[in-house]
Amino acid sequence: QVVAQDSALYTGTVYAVDNNFTDTTTNAAWYPGQAVQVYVQAVCGQDTSAYVGPISLIMPISNDNACGAHEIIVGAPGLLYNNTGATVSAEELGIVPPVTGAQTTTGWANDNLNHTTWFKFTAPASGNVRVDATGVAYNGQIAVYYGADCSILPSFTLEGANDNEIDGTSEAPNFTVCGLTPGAEYYLMHDGSGTAGNYTIEISEVSVYAGVEGEVLEICYGESTNLFLGIANYTLGGEWIATSPAVVLQNETFNSTDYASQTYTFNYVVSDGCAVDQATTTVVVYAAPSAGQDGSITVCLNEPFDLLIGLGGVVDLDGTWYNPSNQTLPGSLDTSGSLAGQYNYDYIVTSTICPNDSANVIVIVDGSCDYTASINELAAQWEIYPNPASAALTIANHTGLSISSLEILDINGKVILSGKPTQQLQNEIDLTALQTGMYIVRMKCEDQMLSKRFIKQ
């Protein structure tokens, strides 16, 4: 009866043999360097003896050279081998991996050879494998080669090598080799660093998958998001890395506070040794809308006014104004009525991503003055020319009032140009930056706001 090393009697396979001591017993499952134990029993008619043993045996080292390499099936459990009696050839000395250190994937801690045995395997579809010999605490070293002819070792090219376990504590090899040609056959040389003994080798495919890119994540400034929401079909165990070195992540969480409102990309990296895969999450951070700070303005009866004057702080100009009757205005311009009092105007800036923002302007209508009382008289005392104008517009002031500001507005009431007058009687405004269309020139003279329309050719 033959059992695995250190296994109990009756756990193995029984072989019936005669008493010709030159017989050979074979089993296709046995492999070179395999350590087994044999128990022998005498069978005499109907009588049998007790088993005697165990007798420890090691299968012949038929893989002492590359052409006798024993095949290892990728993905199969690791087997126990023994390198007692293994020898070293001169050609093997010629292909020893370089001395790159004990925990590298390109060489060994030294270039000595002691007990070399050979194996072969077929590269899997990914072209990436892990070679693990840590099943037994044996001080060994492994090199992986590609060779078209097993009998010509000098033609072998080194694909990877390791002395001690990468990122571990074992003196047995455990490393990855990537970029192999799927379906191609590769050779593996195992060497014992000291005394011959038992060792294991297991080869498995290394297949990493980070996932696929999903939808773009859109958040408002100051919000946080889980980056896993931006990829699909991902596997856990990877690491999130910001493509911008200025961004600091908290694992898979991105907090947009203190970062600019722009587009950010993050890579989810899954790795196993040399095998790496990544998926990208894109995050767009939108600035929160700003309607400005509440304020107030004072006007006379029947006076045109610009509500923007009543707002403070930073104001987004793409919002909507609502009059005291909650009706939308086409722009920020309105005209007070003939009744004195206080009137509330609301300004709302909306966003599809961030919460809306609003501000309030109180318009105080002063009943002690009437804007229209002298407007007709003043209108006749200032003029603009030429109209239509192309390059420049001249403003002539004959009102006798001091000009405090000049502005050019589009027909929606948006201020296009503004500035201080250079003279009180006549000023010229450059129109070359304006597009063709209808505009309004507005002149503030002390407490009066005067306006006229003109055409830019």
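Residue numbers start at 1 and run along the sequence shown.
Rounded to the nearest 0.5 Å, atoms CG (Asp430) and CD1 (Ile408) are 10.5 Å apart. Separation of atoms OH (Tyr439) and CG (Leu431) is listed at 9.0 Å; rounding is to 0.5 Å. Once rounded to the nearest 0.5 Å, the distance linking OG of Ser332 with CD1 of Ile309 reads 8.5 Å. We find the CD-CD distance between Gln278 and Glu239 to be 11.5 Å, quoted to the nearest 0.5 Å. The line from CG of Asp277 to CG of Asn128 is 10.5 Å long, rounded to the nearest 0.5 Å. For the atom pair NZ of Lys456 and OG1 of Thr436, the computed distance is 5.0 Å after rounding to the nearest 0.5 Å.
Annotation: side chain of Ile203 is in contact with side chain of Leu188 (closest heavy-atom distance under 4.5 Å). In this structure, the side chains of Asn162 and Thr105 stay at 4.5 Å or more apart for every pair of heavy atoms. Asp191 places a side-chain heavy atom less than 4.5 Å from the side chain of Asn114. Looking at heavy atoms from C-beta onward, Val361 lies in side-chain contact with Trp321 at the 4.5 angstrom threshold. Counting heavy atoms from C-beta on, the side chains of Val247 and Phe266 come closer than 4.5 Å. Side-chain contact check for Val349 versus Asp318: some heavy-atom pair is nearer than 4.5 Å. Using a 4.5 Å cut-off on side-chain heavy atoms (C-beta onward), Met443 and Asn427 make no contact. Looking only at side-chain heavy atoms (C-beta outward), Gln1 and Tyr10 come within less than 4.5 Å of each other.
Neither side chain, Asn164 nor Gln103, offers a donor N or O lying under 3.5 Å from an acceptor on the other. For the 3.5 Å distance criterion, the side chains of Asn63 and Thr117 fail to qualify, holding no donor opposite an acceptor. Counted by atom type alone, Ser151 and Asp149 present one or more donor-acceptor pairs between their side chains at under 3.5 Å. In this model, a donor atom of one side chain and an acceptor atom of the other lie less than 3.5 Å apart for Asn198 and Gln5. Side-chain N/O atoms of Thr265 and Thr243 include a donor and acceptor closer than 3.5 Å.
Ring orientation note: the planes of Phe119 and Tyr81 are nearly perpendicular, at an angle over 60° on the 30°/60° scale. Taking the six-membered ring where tryptophan is involved, the planes of Tyr264 and Tyr259 are perpendicular, since the angle between them exceeds 60° and thus also 30°.
Screening Ile55, Leu9, Asp6 for a side-chain contact (heavy atoms from CB on, under 4.5 Å) involving Gln37 leaves a single residue, Asp6. When each of Thr320, Asn326, Asn323, Asn360 is checked for a side-chain hydrogen bond (donor to acceptor under 3.5 Å, both in side chains) with Asp346, only Asn360 meets the rule.
The nearest pair of heavy atoms linking Asn255 to Gly222 is OD1-O, 3.9 Å. Pairing each heavy atom of Ile440 with each of Ser451, the nearest pair is CG2-CB, 3.9 Å. Among all heavy-atom pairs drawn from Tyr15 and Asn27, the shortest one is OH-ND2, 2.6 Å. Of all the heavy atoms in Asp357 and Pro289, the pair that sits closest is CB-O, 3.3 Å. Considering every non-hydrogen atom in both Thr253 and Leu249, the closest pair reads O-CD2, 3.7 Å. The two atoms that bring Glu159 and Val177 nearest to each other are O-CG1, 3.8 Å, heavy atoms only.
Sequence neighbours left out, the pairs with a member in residues 267-295 that pass ring pair (Phe, Tyr, Trp, His ring centres under 6.0 Å) are Phe228-Tyr268, Trp240-Tyr268. Sorted by first and then second residue, the pairs that involve residues 248-274 and meet salt bridge (charged side-chain N to carboxylate O under 4.0 Å, His left out), not counting sequence neighbours, are Arg130-Asp272.
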Quiz item: After noting the C-alpha distance and the side-chain angles of Gln41 and Val14, does the key distance pass the side chain to side chain contact (heavy atoms under 4.5 Å, CB included) rule?
Solution: CA-CA 10 Å; Gln41 179 187 61; Val14 174; over 6 Å; no
Practice problem: Walk me through it: do Leu308 and Leu317 pass the test side chain to side chain contact (heavy atoms under 4.5 Å, CB included)? | Solution: CA-CA 9 Å; Leu308 287 174; Leu317 299 179; 4.1 Å; yes
Quiz prompt | Verdict with supporting geometry, Tyr345 and Leu329, side chain to side chain contact (heavy atoms under 4.5 Å, CB included) | solution = CA-CA 10 Å; Tyr345 287 79; Leu329 296 175; 4.0 Å; yes
Quiz item: Which is it for Tyr146 and Leu180 under the side chain to side chain contact (heavy atoms under 4.5 Å, CB included) test, yes or no, and what are the steps along the way?
Solution: CA-CA 9 Å; Tyr146 174 76; Leu180 304 180; over 6 Å; no
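Residues satisfying the side-chain contact (heavy atoms from CB on, under 4.5 Å) criterion with Val136, sequence neighbours excluded, are Leu80, Tyr138, Thr200. In terms of the side-chain contact (heavy atoms from CB on, under 4.5 Å) criterion, residue partners of Ser405 (sequence neighbours excluded) are, by chain and number, Lys444. For Asp334, there are no salt bridge (charged side-chain N to carboxylate O under 4.0 Å, His left out) partners two or more places apart in sequence or in a different chain.
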For residues 86-100, dump all side-chain donor-acceptor pairs below 3.5 Å to protein atoms at least two apart in sequence or in another chain.
from, atom 1, to, atom 2, distance (Å)
Thr87, OG1, Asp64, OD2, 2.4
Ser89, OG, Glu92, N, 3.2
Glu92, OE1, Ser89, N, 3.0
Glu92, OE1, Thr116, OG1, 2.7
Glu92, OE2, Thr116, OG1, 3.3
Glu92, OE2, Trp118, NE1, 2.6
Thr100, OG1, Thr104, OG1, 2.7
Thr100, OG1, Thr106, OG1, 3.4
Thr100, OG1, Gly107, N, 3.1

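For Asn83 (side chain) and Gly197 (main-chain N/O), a donor-acceptor pair under 3.5 Å exists by modelled atom type. Looking only at distances, a side-chain donor or acceptor of Asp163 sits under 3.5 Å from a matching main-chain atom of Ala109. Although no hydrogens or angles enter the test, the distance criterion places a donor-acceptor pair under 3.5 Å between the side chain of Asn82 and the main chain of Thr84. Checked by atom type and distance alone, the side chain of Thr281 pairs as donor or acceptor with a backbone atom of Leu227 at under 3.5 Å. The closest donor-acceptor contact from the side chain of Asn139 to the backbone of Ala172 lies at 3.5 Å or more, if one exists at all. Judged by distance alone, with hydrogens and angles left aside, the side-chain atoms of His115 form no donor-acceptor pair with the main-chain N or O of His190 at under 3.5 Å.
Taking a 6.0 Å sphere around CD of Glu215, one finds it holds 12 or fewer heavy atoms contributed by other residues, nucleotides or ligands. Annotation: Asp167, atom CG; neighbour count of heavy atoms from other residues, nucleotides and ligands within 6.0 Å does not exceed 12.
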